[in-house]
Structure formats: structure tokens, C-alpha cells
Amino acid sequence: MIGENPSTVSNSIDYLMLGSITRDVSASGKYSLGGTASYSGLMANTLGSRVGIVSSMSADLNLLPLEKNGILVARQHSDVTTEYQNIYTDAGRVQYLRKRASSLTFDSVPARWLTAPIVHIGPLANDIDQSIIHQFSDTFVGITLQGWLRKWDHDGRIIRSAFPKLTEVISKADAVVLSIEDVDGDWDYIERCAAVSKVLVITESDKGATVFGGGKRHQFQAPNVVMKDSTGAGDIFASVFFVLYYHTEDYRLAARLAVKIASDSVTREGLKSVPSKVDISISNLINN
């Protein structure tokens, strides 16, 4: 059920974000708003999109960091909100799932929002039914695949999972983004994904990104920056890529600019990593 004021969900939007808004737990035990929905939603908003997020969460989650930026949120009730703990080590990020909200259903999407030209599906913990992709046939669909490639052990530690409906799902999307970490560096698996994808993007942290499209493979290098916090960088990349690719139909241009913005984002921490504005040349690509 949607727990929002009808006047909120009656507004039309440009960017429909489906995915869990999370409570992220720091090493010190502090909580902050997170999840693909938060980072991608804020980034799409910065790019000038009217953003609507549909998310499963508990009623007590404070959404002010999103709502004060004009982002609309339709809540699907859950007894708990998804909680992740990210621990950064010399060997890379280790993630723990501490709580998981109930799975998001298509019935929770406000009818007025189904006209959004861009739909971003962002599962985090197998918390969106994969069949939801079949509900969108006349719109641009982008997927951040990570949450359908995850399972967790008895301690909540995230580990790689098989994805039995791979071809059925990603072949329906206009663009798919995943991190090299999501597949433990398995390029053979990535090549299989690329074979059934229209456009597949692999983000590679400080190495930039690789894009498979038109039967070709393209590499985009990242600039050298001093990293403070990489949380959310892949989500920021994804929304920049989806918005720019939708408006320009040029996935190479979209990837180059997404790498630039995502690389800059890691120089800041938390939701502050999402820029409050973008270069006028990028805005012109969207508005012209």
C-alpha cells in the first residue's frame, strides 16, 4: 500500500526510481540515508528531472534530505527499513545486510507516475520482483543490476549470487549498469551479459568504466582524484548515464560524462557526494 498524500503522487514525473531507500550504518554506528534510490534520485534531480521514488520502508524513516530537494516519495509499508553496513578495507568494500525491507511490488507505483519517460530499476537485496521489467514497454528502462546479483550469509555478509533470469531480464532493458565488484571481476560472465544486452556498462572504480554497445567495447578512463567516500558513486554514475543516454542517444558521450561526475563525487562524503549543480554544457544536452 502507498502511504503518501494523494496530492504528492498525483504530480507527473520525468524519472521513476524503483528501489529501497536505506539506512546506512557507519563503522562508528551512525546512520545516514542511502541506497541507489537516494543517490540516483538526487543526481537525476540535479540534472533537472522531476523525480519520483517508490520504495519499501518503515513509517519512521526521515526522508527530509530527499524531500527538501523536491523529490517525491511513494512509500510501500514495511515493518523495517533496509539497513546496510559498508566496511572499507585495503582489499575493497565488505557489505553487511543488517535489515531488509519487504519486497517492492508494481502495485505500489502510482498510476500517474507510469508515464515517466525514464524508469530506473535499482534492486539492493533481491527486493524487487524481476518480472517488474515486463510492466514497462513504452519507456526507457535502465537497471542497476547489483541487487539481483546478491545473497547474504548467516552473518549478513553480502556475497555473489547466481542470476537465473539473466537473459530474460537484461535483454528487456535499454541500458544495464553494474560494478566489476558485483561479479568479483568475472569478465567471462560480463561478456555473457553483454551478448544479450542492448547497452551494458561496467563501472570499475578508479579505472573508469567499460561500455559494451553496438557490438563494440569502449573504455573510459577516470581522472585522478583524492577519494574520501566511494559510497553511492556507482548510483550517481548510473543516473547520469541513463538521463544523458536517453536525451542524446549517445552512450559513449553519456559514459564519458558519467565517469567525470561520479569521479568527482568520491571527493565528498555521504549524500553530499551528489553535486548540487552540473556544468551548463551538460544541462544543454538535456534541455535542447
Side-chain angles (χ1 to χ4, degrees), residues 16-27 31-42 53-61 63 66 73-88 92-109 119-133 135 141-166 168-170 173 176-184 186 189 193 203 230-239 270-271:
L16 173 58
M17 179 75 238
L18 306 178
S20 294
I21 299 171
T22 67
R23 283 192 183 102
D24 287 349
V25 188
S26 70
Y31 292 93
S32 60
L33 215 59
T36 296
S38 297
Y39 285 95
S40 291
L42 283 169
I53 298 174
V54 187
S55 183
S56 179
M57 71 190 89
S58 58
D60 63 342
L61 186 63
L63 301 177
L66 302 176
V73 181
R75 296 181 189 243
Q76 175 184 293
H77 175 73
S78 174
D79 290 338
V80 299
T81 292
T82 297
E83 288 185 5
Y84 268 104
Q85 184 174 16
N86 297 311
I87 299 174
Y88 292 92
R93 182 176 66 172
V94 179
Q95 285 188 303
Y96 289 88
L97 179 64
R98 300 306 187 192
K99 295 180 182 179
R100 180 186 178 276
S102 57
S103 294
L104 190 66
T105 67
F106 178 73
D107 290 343
S108 292
V109 182
V119 177
H120 179 175
I121 303 173
L124 283 182
N126 272 309
D127 46 5
I128 302 177
D129 189 327
Q130 295 165 10
S131 66
I132 203 168
I133 187 102
Q135 301 290 341
V141 177
I143 299 175
T144 42
L145 203 59
Q146 59 182 348
W148 284 333
L149 298 173
R150 290 174 172 173
K151 60 182 179 180
W152 45 95
D153 63 19
H154 64 280
D155 292 322
R157 181 169 178 167
I158 296 296
I159 53 180
R160 182 181 172 186
S161 174
F163 187 19
K165 295 184 178 180
L166 175 73
E168 177 186 342
V169 172
I170 69 175
V176 176
V177 174
L178 69 149
S179 167
I180 191 68
E181 293 181 350
D182 295 331
V183 293
D184 298 330
D186 186 346
Y189 184 83
C193 291
T203 59
S230 62
T231 302
D235 303 318
I236 290 170
F237 176 100
S239 55
L271 291 181

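Quick note: residue numbers are just sequence positions, from 1.
Pairing each heavy atom of Ser108 with each of Ala74, the nearest pair is O-CB, 4.5 Å.
One finds a salt bridge joining Asp60 and Arg23 here, because a Lys/Arg side-chain nitrogen approaches an Asp/Glu carboxylate oxygen to under 4.0 Å.
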Item to complete: Please lay out, stage by stage, how Asp127 and Ser20 fare under the test side chain to side chain donor-acceptor pair (under 3.5 Å).
Response: CA-CA 8 Å; Asp127 46 5; Ser20 294; 2.8 Å; yes
Item to complete: Just do the side-chain contact (heavy atoms from CB on, under 4.5 Å) check on Arg75 and Val54 with the steps written out, would you?
Response: CA-CA 6 Å; Arg75 296 181 189 243; Val54 187; over 6 Å; no
Item to complete: Take Thr36 and Asp235 through the side chain to side chain donor-acceptor pair (under 3.5 Å) test and state the conclusion after the steps.
Response: CA-CA 5 Å; Thr36 296; Asp235 303 318; 2.8 Å; yes
Item to complete: Decide yes or no on side-chain contact (heavy atoms from CB on, under 4.5 Å) for Gln76 and Thr105, but give the supporting numbers first.
Response: CA-CA 8 Å; Gln76 175 184 293; Thr105 67; 3.3 Å; yes
Worksheet item: side chain to side chain donor-acceptor pair (under 3.5 Å) between Thr81 and Ser58: does it pass, once the steps are laid out?
Response: CA-CA 5 Å; Thr81 292; Ser58 58; 2.7 Å; yes
Practice prompt. Dump the intermediate steps for side-chain contact (heavy atoms from CB on, under 4.5 Å) on Tyr96 and Arg98, then the final yes or no.
Written response: CA-CA 6 Å; Tyr96 289 88; Arg98 300 306 187 192; 3.5 Å; yes
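Ser239 places a side-chain N or O within donor-acceptor distance of the main-chain N or O of Ile236, the cut-off being under 3.5 Å. Thr22 places a side-chain N or O within 3.5 Å of a backbone atom of Gly35 that can act as its donor or acceptor partner. Side chain of Trp148 to backbone of Ile128: a donor-acceptor contact under 3.5 angstrom is found.
A search for ring-ring contact (aromatic ring centres under 6.0 Å, His included) contacts involving Phe106 returns Phe136, not counting sequence neighbours. The side chain to side chain contact (heavy atoms under 4.5 Å, CB included) check on Ser78 picks up Ser56, Val80, Ala101, Ser102, with sequence neighbours excluded. Residues satisfying the side chain to side chain contact (heavy atoms under 4.5 Å, CB included) criterion with Lys165, sequence neighbours excluded, are Gln130, Phe163, Glu168, Val169. Under the rule for a side chain to side chain donor-acceptor pair (under 3.5 Å), Asn126 has no partner lying at least two apart in sequence or in another chain. When the side chain to side chain contact (heavy atoms under 4.5 Å, CB included) test is applied to Asp186, the partners found at least two apart in sequence or on another chain are Arg160, Val183, Asp188, Tyr189. By the side chain to side chain contact (heavy atoms under 4.5 Å, CB included) test, Asp153 pairs with Asp155, Arg157, sequence neighbours left out.
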